[in-house]
Visitor: 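Dropping a structure here in structure tokens format, bear with me for questions.
As the structure is a computational prediction, the values presented were derived from the model and not from experiment. In listed order, ligands and their atoms are each counted from 1.
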Amino acid sequence: MADGKYWNEKIETMPKEDIKKLQLQKLKLQVKHCYENSSFYRKKFDSVGLKPADIKSLDDLQKIPFTVKSDLRDNYPFGMVAAKSDEIVEIHASSGTTGNPIIGAYTQSDMDMWQELMARSIYTTGGRRQDVIHIAYGYGLFTGGLGFHYGAQKVGAKIVPASGGMTQRQIKLMKDLDVSILACTPSFAVYLAETMAQEGVIPQKDLKLRLGMFGAEPWSDKIRERIEKEMGIQAFDIYGLTELCGPGVSIECPEHKGLHVWEDHFIVETIDPDTGEVLSPGEEGELVFTALSKTGLPMLRYRTRDISTINTEKCACGRTHAKMARVTGRSDDMLIIRGVNVFPSQIEFAVMCFSELATQYLIVLDRPGALDTFVVKVELSEQAAKNPATDKNALKNDIQKRIHIVTGISADVEIVKPGELPRTEGKAKRVLDLRKGKM
Ligand code: DLL
């Protein structure tokens with residue numbers, strides 16, 4: 001049990017050269033594991049004439065082809081797995097997407113690594129066994145709730161597994177149970193702060209809250225300032241993805257100058273998203289991770305689509321692991337609405353079920369206050385517009401219900417006249433995102 005500044009001082013402050021040696025040692029084993037146990041990786045290696053023995057240095061990593069999200073979808077559910085079926089002990093999935101979901105299939109050793117990294121991450125922010133941690137990330141297939149749960153268990157903290165919803169009740173619990181750490185999406189934290197103000201709860205006086213761990217969606221310094229000021233806490237950014245383990249891939253340290261990537265388990269690169277060229281530290285690009293310890297569903301050079309910058313300079317906190325800047329956005333079209341991943345294709349799928357509608361639609365996102373607004377504008381077909389029997393209110397309700405079923409979140413549907421939505425030449429523009437700069 002850790003009792004100082006670090007959860008695992010030896011690992012967290014390991015000299016950079018030693019981290020590199022460890023990474024190379026693990027990379028060689030991991031490549032061999034993939035080649036011998038996953039037909040997906042074997043084919044990938046064979047397609048470029050690469051053998052595990054060709055990986056002799058960390059620079060050789062660049063010889064390995066990228067793994068992309070569509071590989072996971074195409075090989076759903078277990079085509080990329082490198083473990084025996086009975087070795088998989090838990091499965092999670094990222095939110096969003098119609099078609100095949102992106103799943104994470106974890107062995108016991110993957111689960112142990114995840115729990116360890118979450119414990120290390122909580123500890124890095126200052127979380128200790130004396131803390132009461134309120135976990136308001138969703139529990140279930142999403143890795144947020146259970147990821148924090150496992151980590152907090154290892155730290156030995158008292159857990160309040162609140163999950164999502166019932167905001168007022170959550171505030172009451174936070175008050176009555178002396179909650180000291182809040183873990184949720186940044187947008188939910190802002191919403192909680194707003195509701196507290198409406199309910200006359202003054203966090204600085206009525207709560208024992210001292211820090212928060214926020215992630216799963218991009219958030220800006222402005223949001224951080226608001227959360228910190230309104231709740232009287234220190235906010236920490238936490239990053240991760242289902243494909244690698246869930247939250248706990250990287251964590252902000254008390255210096256608040258980036259998120260340390262746990263390099264004993266992951267090699268991080270940044271690449272130009274258009275050309276795939278590997279970038280140098282300090283250059284902004286797409287994050288690519290190689291998981292060094294995962295045995296269930298290994299990830300070699302996995303393209304995340306997340307845009308960030310790597311910083312390899314020394315950190316004043318003493319940790320030697322490289323830092324990534326907060327993720328500013330994604331290079332693909334996935335939308336994160338109120339913390340939930342939504343693809344425009346899901347909306348298309350939902351609205352195209354209605355014969356009364358034309359094929360045009362537009363998703364309008366905004367953030368006038370704390371929460372995202374999510375409007376879907378759809379066009380009536382000429383025929384339905386002319387038909388006096390068309391009941392627009394009933395249609396609107398049905399479409400809203402359908403969108404909720406498909407995405408899991410509520411949208412406001414606006415039905416407009418035929419021809420009213422803008423048309424473009426070439427690719428249709430389906431999303432009008434007015435949230436930029438309003439976070
Ligand atoms: O969001 C894991 C997570 C849970 C991280 C709780 C942090 C806290 P997925 O559902 O697979 O996993 O979504 C992963 O969410 O590729 C990013 O685009 C985005 N994301 C995650 N953390 C951050 C963050 C979880 N701190 C996708 N800042 C990732 C910005 C984030 N975006």
Side-chain angles (χ1 to χ4, degrees), residues 67-69 72-73 91-97 101-106 114 117-118 121-122 124-125 133-152 162-164 181-189 212-221 223-224 227 235-253 256 258-262 266 268 270 273 286-289 291 297 299 302-309 323-343 407-409 435 439:
T67 305
V68 292
K69 284 190 195 284
L72 278 157
R73 292 214 176 89
I91 290 169
H92 284 268
S94 64
S95 52
T97 81
I102 299 256
I103 63 160
Y106 314 127
W114 185 20
L117 292 188
M118 273 309 296
S121 299
I122 293 170
T124 298
T125 66
I133 177 165
H134 185 94
I135 303 173
Y137 286 107
Y139 276 65
L141 283 171
F142 178 50
T143 52
L146 283 165
F148 270 88
H149 197 96
Y150 299 138
S163 200
I181 301 180
L182 172 64
C184 64
T185 60
S187 52
F188 190 61
M213 297 179 70
F214 309 115
E217 62 182 357
W219 53 307
S220 64
D221 282 338
I223 288 267
R224 171 194 295 267
I227 297 173
F236 292 84
D237 195 356
I238 178 156
Y239 170 87
L241 51 159
T242 313
E243 299 89 310
L244 295 178
C245 63
V249 173
S250 65
I251 184 72
E252 198 175 309
C253 69
H256 298 290
L259 292 80
H260 288 283
V261 175
W262 296 126
F266 303 105
V268 61
T270 37
E286 180 181 338
L287 291 171
V288 172
F289 287 96
L297 223 168
M299 287 292 144
Y302 183 64
R303 290 187 61 162
T304 62
R305 300 282 175 189
D306 294 325
I307 303 297
S308 179
T309 316
K323 283 185 292 196
M324 54 179 257
R326 69 172 42 199
V327 170
T328 50
R330 300 175 58 90
S331 62
D332 62 3
D333 64 356
M334 189 185 82
L335 303 165
I336 302 182
I337 309 174
R338 299 177 207 137
V340 175
N341 300 352
V342 177
F343 283 83
T407 63
I409 58 169
R435 297 174 301 178
M439 288 196 288

Visitor: Suppose I only count heavy atoms of Tyr137 and a 4.0 Å limit; which atoms of ligand 1 are within that range?
Guide: 6 (C), 8 (C)
Visitor: Just wondering, do Leu117 and Val249 contact through their side chains at under 4.5 Å, heavy atoms?
Guide: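 Heavy-atom side-chain distance check fails, nothing below 4.5 Å.
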Visitor: Under 3.5 Å between any N/O of Ser94 and any N/O of ligand 1: does that happen in this structure?
Guide: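 No.
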Visitor: Do Val327 and Thr304 come close enough that some side-chain heavy atom pair is under 4.5 Å?
Guide: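 Side-chain contact under 4.5 Å: no.
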Visitor: Measuring from atom 11 (O) of ligand 1, which candidate in Ile307, Ile103, Thr242 has the nearest non-hydrogen atom?
Guide: Thr242
Visitor: Do you know which of Met324, His260, Arg326 makes side chain to side chain contact (heavy atoms under 4.5 Å, CB included) with Ser250?
Guide: Met324
Visitor: Under 4.0 Å from any heavy atom of Ile238, which atoms of ligand 1 are there?
Guide: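 In order of number, 7 (C), 22 (N), 24 (C), 26 (N).
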Visitor: Would you mind running through ligand 1 and noting each atom that sits below 4.0 Å from a heavy atom of Thr143?
Guide: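 This gives 2 (C), 12 (O) as the contact atoms.
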Visitor: Does any non-hydrogen side-chain atom of Thr143 lie less than 4.5 Å from one of Pro247?
Guide: yes
Visitor: Please state whether Arg326 comes within less than 4.0 angstrom of ligand 1, counting heavy atoms only.
Guide: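 In this structure, Arg326 fails to qualify as a contact of ligand 1 - no heavy atom is under 4.0 Å.
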Visitor: Under 3.5 Å between any N/O of Asp306 and any N/O of ligand 1: does that happen in this structure?
Guide: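 There is such a contact, yes.
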Visitor: At a 4.0 Å threshold, what atoms of ligand 1 neighbour a non-hydrogen atom of Asp237?
Guide: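 Per the distance check, 24 (C), 26 (N).
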Visitor: Which ligand 1 atoms does Gly144 reach within 4.0 Å, using its non-hydrogen atoms?
Guide: 4 (C), 6 (C)
Visitor: Between Lys323 and Leu259, is any pair of side-chain heavy atoms under 4.5 Å apart?
Guide: no
Visitor: Do Phe148 and Ile181 come within less than 4.5 Å of each other through their side chains, counting heavy atoms only?
Guide: no
Visitor: Please check: side-chain N/O of Arg224 versus main-chain N/O of Ala235, any donor-acceptor pairing under 3.5 Å?
Guide: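 Checked: pair present.
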Visitor: Mind checking whether Leu241 has an N or O less than 3.5 Å away from an N or O of ligand 1?
Guide: no
